[in-house]
Number of protein chains: 2
Amino acid sequence: MINDSQVVNAAFRGSFEPALIEEINRIGIYQEVEEGEYLIRPGSYIRSVPIILSGSVKIMRPDAVGNEALLYYLSGLDSCAISMTGSPDNKPSEITAIAEEKTRLIFIPVEKVDEWICRFPTWKQFVFRTYQRRFDDMIATIDSIAFQKLDERLLTYLKKKTQSCQCTVLQVTHEEIAREMATSREVISRLLKQLERVGYLRLSRNKIEIL
Amino acid sequence: MINDSQVVNAAFRGSFEPALIEEINRIGIYQEVEEGEYLIRPGSYIRSVPIILSGSVKIMRPDAVGNEALLYYLSGLDSCAISMTGSPDNKPSEITAIAEEKTRLIFIPVEKVDEWICRFPTWKQFVFRTYQRRFDDMIATIDSIAFQKLDERLLTYLKKKTQSCQCTVLQVTHEEIAREMATSREVISRLLKQLERVGYLRLSRNKIEIL
DNA sequence: GCGGTTCCGTGATATATGTCACACGGGCGA
DNA sequence: TCGCCCGTGTGACATATATCACGGAACCGC
């Protein structure tokens with residue numbers, strides 16, 4: 001099946017060998033999702049691995065009572081290591097993936113991930129690099145939760161978020177931030193206000209502008 | 001070079017194909033470490049990957065000012081996914097690995113990890129399973145830090161620890177627990193005392209007996 | 001046994017974070 | 001235009017955790 005192969009080619013040229021790009025075009029399933037759409041829900045089974053072509057996706061970890069912790073963001077040419085490994089046992093997913101903005105991606109069936117490892121050196125490299133990055137991300141997340149106080153965590157949060165969306169104006173409510181940081185709305189409101197007073201940002205409804 | 005090949009054979013039989021076991025015996029470097037010994041220190045370069053034959057090892061993440069967060073434990077036939085990926089960039093390690101008890105392990109040079117992936121199906125399986133387990137461990141750690149209060153965290157901590165060392169009497173000081181949970185000794189002392197009053201455990205110097 | 005050291009228990013107090021209650025204002029549909 | 005809902009700001013208070021200060025108990029080497 002032919003996807004939007006121009007897009008795919010452009011994204012992968014330089015990273016992957018031509019035969020692999022060909023294969024991805026043949027096998028992968030191209031998809032565009034809008035902001036806020038779910039790619040993965042907890043409880044669903046993961047049978048294919050997404051590679052982000054453009055846009056960004058956040059990966060969250062929900063708990064039993066409606067809280068969620070942000071694990072990491074994915075953006076250009078990233079992939080989700082959890083979904084690479086998640087399926088062998090046939091366990092359902094324990095994470096959530098949500099598009100942060102309009103995002104284009106291509107899904108690769110998990111069995112191909114495995115098969116290509118030995119066929120395409122650049123793929124093997126890609127898979128390993130993906131694992132490493134996600135590990136680093138998770139460690140950074142643990143650092144942040146374990147060692148930093150909320151105000152520092154909020155700063156790191158804002159930094160990461162601006163990085164992942166490549167912009168300085170965040171479309172987000174205090175409530176949403178609070179949930180991703182597993183705290184409450186009032187606390188975030190106060191801390192943001194503080195940061196505004198210090199001149200680090202400007203607040204308005206549904207919007208945070210970093211200065 | 002011939003390591004303690006009986007030990008290696010016994011440990012790997014059933015998991016790995018004979019040719020791979022042979023190869024591991026030929027290439028791997030067998031080592032025994034005592035309780036408390038460091039396998040990896042932050043800042044050192046990782047050039048080989050440890051596979052635990054017996055005993056257990058804890059993997060920690062230090063911060064800038066002397067705190068440490070526990071990432072996960074490794075025990076029989078586990079391996080450390082971080083060290084598999086850690087080296088490609090030639091970045092120094094950002095983690096610490098310490099033997100929890102007398103531990104026997106075998107070191108595989110990182111380049112072999114890569115090479116064997118395509119030569120030995122059981123090895124590929126092993127590497128992927130390792131990644132998956134470590135991911136699950138890290139997610140559990142994040143869950144615990146993000147969602148649980150200290151008393152619950154302490155319970156999960158004790159549970160994991162008893163699991164990893166396969167015993168109900170832990171040789172550990174309150175100070176050590178506190179550091180691994182990134183809190184202070186007094187707090188842990190109080191919480192432990194509470195658990196003792198409830199009849200969950202018995203305390204004595206350097207020792208916690210789970211009931 | 002003695003002195004020093006390490007570990008543990010515990011009160012008092014400080015700080016950070018969570019929770020409740022409520023007011024305000026803007027957008028938006030009726 | 002009115003009323004309503006959602007997002008926000010903020011005081012007052014509750015709770016969890018951190019810190020300080022200290023004393024006592026167990027162990028260790030001499």
Side-chain angles (χ1 to χ4, degrees), chain A residues 35-36 63-70 142-158 161 169-210, chain B residues 35-36 63-70 142-158 161 169-210:
Chain A
E35 180 185 339
D63 80 345
V65 298
N67 300 315
E68 302 190 276
L70 179 63
I142 290 177
D143 272 3
S144 169
I145 306 181
F147 300 134
Q148 299 187 314
K149 284 201 280 190
L150 265 182
D151 49 356
E152 297 174 280
R153 279 180 61 200
L154 181 55
L155 278 175
T156 22
Y157 173 92
L158 293 172
K161 190 121 175 167
V169 178
L170 303 176
Q171 299 281 343
V172 66
T173 77
H174 301 183
E175 176 69 36
E176 191 185 338
I177 299 179
R179 286 212 342 209
E180 296 183 12
M181 291 178 56
T183 177
S184 69
R185 200 264 317 160
E186 297 93 315
V187 173
I188 296 297
S189 285
R190 274 192 252 268
L191 291 176
L192 282 173
K193 206 69 200 167
Q194 224 170 280
L195 289 176
E196 187 180 38
R197 275 194 282 270
V198 177
Y200 184 84
L201 46 76
R202 190 157 356 174
L203 295 173
S204 38
R205 190 187 175 87
N206 290 320
K207 206 175 76 178
I208 299 177
E209 185 182 352
I210 313 290
Chain B
E35 179 186 340
D63 82 343
V65 298
N67 300 316
E68 301 192 276
L70 180 62
I142 290 178
D143 272 3
S144 169
I145 307 181
F147 301 133
Q148 300 186 315
K149 285 201 281 192
L150 265 182
D151 49 358
E152 297 173 280
R153 279 179 62 199
L154 181 56
L155 279 174
T156 25
Y157 173 91
L158 293 172
K161 192 121 176 168
V169 178
L170 303 175
Q171 299 282 342
V172 65
T173 78
H174 301 182
E175 177 69 35
E176 192 184 338
I177 300 179
R179 286 211 344 207
E180 296 183 12
M181 292 179 54
T183 176
S184 69
R185 199 263 318 159
E186 297 93 315
V187 173
I188 295 297
S189 285
R190 273 192 254 268
L191 292 175
L192 282 173
K193 206 68 199 167
Q194 224 171 281
L195 289 175
E196 186 180 39
R197 275 195 282 270
V198 176
Y200 184 85
L201 47 75
R202 191 157 357 174
L203 295 173
S204 38
R205 189 188 175 88
N206 288 323
K207 204 175 77 179
I208 299 177
E209 186 182 351
I210 311 290

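It should be emphasised that the depicted structure is a prediction, and the values quoted were computed from it without experimental measurement. Here is how names work: the chains are called A, B, and so on, in the same order as the sequence lines, proteins then strands, and each is numbered from 1.
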Original post:
Does any non-hydrogen side-chain atom of B:Leu158 lie less than 4.5 Å from one of B:Leu195?
Top reply: yes
Original post:
Within a strict 4.5 Å, meaning less than it, do heavy atoms of the A:Leu191 and A:Val187 side chains meet?
Top reply: yes
**OP:** Nearest whole angstrom, please: distance from the C1' of D:dT8 to the CG of A:Leu191.
**Re:** 14 Å
**OP:** Specify the residue among A:Asp151 and A:Arg205 whose closest nucleotide of DNA chain C lies further upstream toward the 5′ end.
**Re:** A:Asp151
Original post:
In whole Å, what is the span from the CG atom of B:Leu154 to the P atom of D:dA16?
Top reply: 15 Å
Original post:
Which nucleotide in the list C:dT17, D:dT10, D:dC27 gets nearest to the side chain of A:Ser189?
Top reply: D:dT10
Original post:
More 5' along DNA chain C: A:Lys149 or A:Arg190, using each one's nearest nucleotide?
Top reply: A:Lys149
Original post:
Considering residues, nucleotides and ligands other than B:Arg179, do more than 12 of their heavy atoms fall under 6.0 Å from its CZ?
Top reply: no
Original post:
Once you round it to whole Å, what is the distance between P of C:dG25 and CG of A:Leu203?
Top reply: 17 Å
**OP:** Starting from P on C:dT19, measure out to CG on A:Asn67 and report it in whole angstrom.
**Re:** 9 Å
Original post:
Do A:Lys161 and A:Ile208 come within less than 4.5 Å of each other through their side chains, counting heavy atoms only?
Top reply: no
Original post:
Between C:dC7 atom P and B:Gln171 atom CD, what is the distance in whole Å?
Top reply: 13 Å
Subject >> Rounded interatomic separation in angstrom, taking CG from B:Leu192 and C1' from C:dC7 >> reply: 13 Å
**OP:** For the helix from C:dG1-D:dC30 to C:dA30-D:dT1, figure out the bend between the end axes, five pairs an end, and round to 10 degrees.
**Re:** 30°
**OP:** Give the nucleotide from the list D:dT10, C:dT17, D:dT19 with an atom nearest to the side chain of B:Ser184.
**Re:** D:dT19
Subject >> A:Gln194 CD to C:dA16 P, straight-line distance once rounded to whole Å >> reply: 10 Å
Subject >> Side-chain heavy atoms of A:Ile177 within contact of A:Leu192, under 4.5 Å >> reply: yes
Original post:
Side-chain N or O of A:Thr183 less than 4.0 angstrom from OP1 or OP2 on C:dG18?
Top reply: yes
Subject >> Atom pair CD1/CZ of B:Ile188 and B:Arg153 - distance to nearest 0.5 Å >> reply: 8.0 Å
**OP:** Kindly say whether, by distance alone, the side chain of B:Glu186 makes a donor-acceptor pair under 3.5 Å with the base of D:dC20?
**Re:** yes
Original post:
What does B:Thr173 touch in the nucleic acid at a heavy-atom separation under 4.0 angstrom: a base, only the sugar-phosphate, or nothing?
Top reply: sugar-phosphate
Subject >> Shortest non-hydrogen separation from A:Glu196 to A:Leu203 and the atoms involved >> reply: OE2-N, 3.0 Å
**OP:** Let me know the distance between CZ of A:Phe147 and C1' of C:dA16, rounded to the nearest Å.
**Re:** 18 Å
**OP:** Using only side-chain N and O atoms of A:His174, determine if any of them is under 4.0 Å from OP1 or OP2 of D:dC6.
**Re:** no
